[in-house]
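Okay, so here's the structure we're looking at.
Values reported hereafter were calculated over all heavy atoms of this structure, with side chains retained and with hydrogens, waters and symmetry mates removed.
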Amino acid sequence: FLASYVVLVVVFSQVGPVYFKLFQGIFRWEINTFFTPLKVNSFATETYGGQAMIALEARLTENLVLPDRKVLHTIGHPYTARTIAINQYLHPIIILSVLFAWPGLAWRDRFKVFLLVLPLLLVVEMVDIPILLGVRIMETVQANLLQDPNAGKSLGSYWAAFLHTGGRAALSILA
């Protein structure tokens with residue numbers, strides 16, 4: 001397992017941006033669909049502070065209304081959220097490491113299992129990066145513009161905390 005894991009980390013450090021591009025369109029659609037106050041402006045891999053990152057820039061699609069009914073003219077205001085790129089690559093690295101290291105499984109059967117796990121990998125990817133980055137932007141909007149003291153207490157915030165405290169690896173193993 002460890003040998004497979006190390007090899008796959010090296011491979012994904014090189015081909016990771018190509019892997020991200022496979023999901024870029026569906027991630028963009030997911031954020032535009034489920035985070036309706038946001039419209040994705042750009043979604044790409046970049047180097048930030050010497051680290052490979054996945055960056056989302058989204059613009060607000062509506063004006064925000066404060067509790068006192070004051071309207072904030074926020075349409076088009078951009079927000080950015082980032083996460084380290086390895087967060088997305090971790091899913092296939094773990095899944096493929098387990099698959100390659102599985103004892104007594106013929107290569108033909110490994111290929112069949114790989115084909116069976118592809119839809120699960122898609123689901124796991126969709127509940128990770130797009131939700132994480134969309135939640136981060138919405139929390140920033142709530143905390144900064146709306147000055148909402150409960151900005152970090154949504155279900156999405158708990159999901160992001162779960163992902164960062166071992167949940168990402170757990171999802172990969174479950175898949």
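Minimum interatomic distance between Ala160 and Leu132 (heavy atoms only, all atoms of both residues): CB-CD1, 3.5 Å.
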Would you give me the side-chain donor-acceptor pairs under 3.5 Å for residues 39-52, sequence neighbours excluded?
from: Asn41; atom 1: ND2; to: Glu57; atom 2: OE2; distance (Å): 2.4
from: Glu46; atom 1: OE2; to: Arg82; atom 2: NE; distance (Å): 2.5
from: Glu46; atom 1: OE2; to: Arg82; atom 2: NH2; distance (Å): 3.3

Using atom types as modelled, flag every donor-acceptor pair under 3.5 Å from a side chain in residues 87-101 to any protein atom, sequence neighbours excluded.
from: Asn87; atom 1: OD1; to: Arg168; atom 2: NH1; distance (Å): 3.3
from: Asn87; atom 1: ND2; to: Thr83; atom 2: OG1; distance (Å): 2.5
from: Tyr89; atom 1: OH; to: Gly16; atom 2: O; distance (Å): 3.2
from: His91; atom 1: ND1; to: Ser172; atom 2: OG; distance (Å): 2.7
from: His91; atom 1: NE2; to: Asp128; atom 2: OD2; distance (Å): 2.7
from: Ser97; atom 1: OG; to: Tyr5; atom 2: N; distance (Å): 3.3
from: Ser97; atom 1: OG; to: Ile93; atom 2: O; distance (Å): 2.6

Please tabulate, for side-chain N and O atoms in residues 116-127, each donor-acceptor pair with protein atoms closer than 3.5 Å (sequence neighbours left out).
from: Glu125; atom 1: OE2; to: Tyr19; atom 2: OH; distance (Å): 2.6

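Residues meeting the side-chain hydrogen bond (donor to acceptor under 3.5 Å, both in side chains) test with Trp29, sequence neighbours left out: Thr33.
Here the CD1 atom belonging to Ile54 is positioned 6.5 Å from the CZ atom belonging to Phe27, to the nearest 0.5 angstrom. Rounding to the nearest 0.5 angstrom, the gap separating the CG atom in Leu56 from the CD1 atom in Ile31 is 4.5 Å. Summarising the geometry, atom OG1 belonging to Thr36 is positioned 11.0 Å from atom CG belonging to Leu60; distances are rounded to the nearest 0.5 Å.
Follow the hydrophobic side-chain contacts under 4.5 Å out from Phe12 and you never reach Val10; the two are in separate clusters.
Applying the side-chain hydrogen bond (donor to acceptor under 3.5 Å, both in side chains) definition to pairs two or more places apart or across chains, none involves residues 58-68. For residues 54-78, every residue pair satisfying the ring-ring contact (aromatic ring centres under 6.0 Å, His included) rule, not counting sequence neighbours, is listed here: His77-Tyr79.
Looking at heavy atoms from C-beta onward, Ile137 lies out of side-chain contact with Leu133 at the 4.5 angstrom threshold.
Arg110 places a side-chain N or O within 3.5 Å of a backbone atom of Trp102 that can act as its donor or acceptor partner.
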Checklist entry - How far apart are the C-alpha atoms of Ile131 and Trp159, what are their side-chain angles, what is the distance that settles it, and do they pass the side chain to side chain contact (heavy atoms under 4.5 Å, CB included) test? => result CA-CA 8 Å; Ile131 293 174; Trp159 182 251; 3.7 Å; yes
